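Worksheet for the structure shown next.
Just so it is clear, the model here is predicted, and its values are computed rather than measured. Lettering follows sequence order; numbering is per chain, from 1.
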Amino acid sequence: MTSSPSNTEISAHPEPSETGSPRSLEERFRALVSSVKDYAIFMLDPTGRIETWNAGAERTKGYTADEIIGQHMSRFYTPEDLARGLPAKLLAQAVRDGRVEIEGWRVRKDGTRFWADVVITALVDDGQLMGFAKVTRDLTERLHRQEEQLRLAHAEEAVRLRDEFLSIAAHELRTPLSALQLQLQGLLERPDGVEPRIRAKLERACRSGDRLVTLVDALLDVSRITTGSFNLTPTRFDLTVAVQEVVERFREHAARASSTVTVRSEPGLEGRWDRLRIEQVVTNLLTNALKYAAGTPVEIALSGTDRDVTLTMSDEGPGIPESEKERVFLRFERAAPMRNFGGLGLGLYVARQIVEAHGGEISLTPGRPRGAQFVIRLPRAHLPGGTG
Amino acid sequence: MSHTVLVVEDDVDIRQALIEIIEEHGFGALGAVDGADALKILSRATELPCVILLDLMMPVMDGAEFRQAQRQDPRFASIPVVVLSAYRDLDRHAAPLEAVSVLRKPPSVRELVTVLHAHC
């Protein structure tokens, strides 16, 4: 194994002295210290004035030896630390304890600050203080990395708390909503009938309840996806049948949006998927199409190969700008302005998670002159299990 | 055959709404706040219910625990159970309970009444 070069650049070979004889151990040590670039190593007299200076000190603090030798070490301290007398306190502590180590902001020649790890060692000979050795390391990059990690951890925690809140809120909303829907349906389905004017109001209230349930369920799905408790239950079925059932459920909704929904399909599009979830994908796409492209026809085309099936849903609405085509699949995102359209911006996110959990892909067809076109490719047998 | 339905549901508003709908459609109804309460009601009943509408998530004794206790008691084991659940993938949650039917919460009045007619 070869050793990698250290960050600390030192001269490995002792150089001959001016007399031509090999340098003494002390001279070589002095040469080593003066050439170290990653650590500022210098000596102070007993009052704190700088006596020696090395390459690392020049690199870290910006002063040349000529500029700094004879100056007091307090020059490196911030005005705040000077105001509380930190330099004197550190020297006094080094005298008392033998050494002191501290991290803090220090000031370079150009006025910029760096985060320093400082060790001051008292040099005592025969009980008499000879001065101090001071070693300073610039840890600014490490500090920035730590701060970045901390920011990331805080951001992740904030996202986790948000998801947890959404999950709790969604669960808590679901129960009273169920009670409300039951009360409304109970009134609507009374065996002795309901006056037509009241019936219309109740039907509208029921539809509002259904919309609330859809929104709450979307939040629950997101919390399941983010917590990893999003499970698929695969069975074998024909995609065309499932799509037609969804379209049938949307007949009234499509009529209210003044849109027609047509399905064109090849025969034999069987595969092994989670039916409920696939129906949810179609539901989410269709909900979007009828919301953003209301009044235009929606077409669903289904085709297949031996390995996979493809569902293409096209509308003739305003479409989605090229720049938004990835963003619409993210959580709480939408291409349309929020004030114009309701919803949580979760439908396409959930759809993509479901399709990808099936080993498939969902994308927006680029470059369409008008309308949006979503293409979903689903492998026929990605999910494990028998014939279902 | 009895025409009484036992509704096991912890949320008072859902339980009350279900009881009202059931009674308005010509059946009798009893309410239990959880699985343990349901077992008590069954033990005291002079006539057993024709069907049990069972919520899954409840405090004290949940739907699965109730179903286990019910199946182990020969007096009640044969009463059919219809599971009610807010889970989207309710089949997966309800399958181990071997219910005669599974309804997503809230069930539509039509599907609820259809299920009751099939068993009562």
Side-chain angles (χ1 to χ4, degrees), chain A residues 167 170-194 202-203 205-207 209-210 212-214 216-225 229-235 249 273-281 283-284 350 354 357 385 388, chain B residues 3 5 7-29 31 33-34 53-59 62-63 82-97 102-117 120:
Chain A
S167 172
H171 274 111
E172 289 302 313
L173 286 168
R174 195 67 169 75
T175 303
L177 256 178
S178 291
L180 186 66
Q181 281 184 304
L182 270 175
Q183 298 284 3
L184 292 170
Q185 282 183 35
L187 284 172
L188 202 56
E189 301 289 334
R190 282 174 70 94
D192 50 358
V194 184
L202 284 172
E203 281 172 348
C206 279
R207 276 203 298 275
D210 290 344
L212 272 171
V213 168
T214 306
V216 169
D217 282 350
L219 287 178
L220 283 171
D221 279 337
V222 171
S223 88
R224 286 190 193 109
I225 289 165
S229 54
F230 183 74
N231 297 310
L232 297 178
T233 311
T235 56
R249 285 204 289 272
W273 309 293
D274 183 320
R275 180 160 185 158
L276 215 61
R277 292 294 178 187
I278 295 298
E279 286 184 7
Q280 193 184 351
V281 171
T283 297
N284 290 3
V350 171
I354 293 171
Chain B
H3 273 70
V5 179
V7 180
V8 191
E9 162 66 60
D10 61 317
D11 186 86
V12 60
D13 290 334
I14 294 182
R15 188 172 65 245
Q16 202 49 41
L18 285 169
I19 287 172
E20 283 171 15
I21 291 168
I22 291 165
E23 287 177 344
E24 280 166 4
H25 285 81
F27 304 91
V33 297
D34 56 46
L53 284 188
L54 181 65
D55 183 26
L56 288 184
M57 282 169 67
M58 289 179 292
D62 67 18
V82 173
V83 164
L84 286 174
S85 174
Y87 290 118
R88 192 193 280 274
D89 47 353
L90 68 177
D91 280 333
R92 195 166 61 82
H93 286 96
L97 275 69
V102 183
L103 299 179
R104 181 134 198 257
K105 254 192 198 172
S108 75
V109 173
R110 229 163 284 174
E111 61 184 350
L112 177 63
V113 172
T114 305
V115 165
L116 298 186
H117 275 300
C120 297

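Residue B/Arg110 touches chain A through its side chain alone, counting heavy-atom pairs closer than 4.5 Å.
Options B/Val109, B/Asp13, B/Leu112 differ in how many heavy-atom pairs under 4.5 Å they form with chain A, and the most are formed by B/Val109. Between chain A and the residues B/Glu20, B/Glu9, B/His25, the most heavy-atom pairs under 4.5 angstrom are made by B/His25.
The shortest non-hydrogen separation linking A/Gln181 to B/Pro106 is OE1-CG, 2.9 Å. The two atoms that bring A/Leu182 and B/Pro107 nearest to each other are CD2-O, 3.8 Å, heavy atoms only. Closest approach of A/Thr175 to B/Ile14, counting heavy atoms only: O-CD1, 3.5 Å. Considering all non-hydrogen atoms of both residues, B/Asp11 and A/Ala179 come closest at OD2-CB, 4.2 Å. B/Ser108 and A/Gln185 get closest at one heavy-atom pair: CA-OE1, 2.9 Å.
Proximity of a side-chain donor or acceptor of B/Glu24 to a complementary backbone N or O of A/Arg190 within less than 3.5 Å is not detected.
At most 12 non-hydrogen atoms from other residues, nucleotides or ligands lie less than 6.0 angstrom from CD of A/Glu172.
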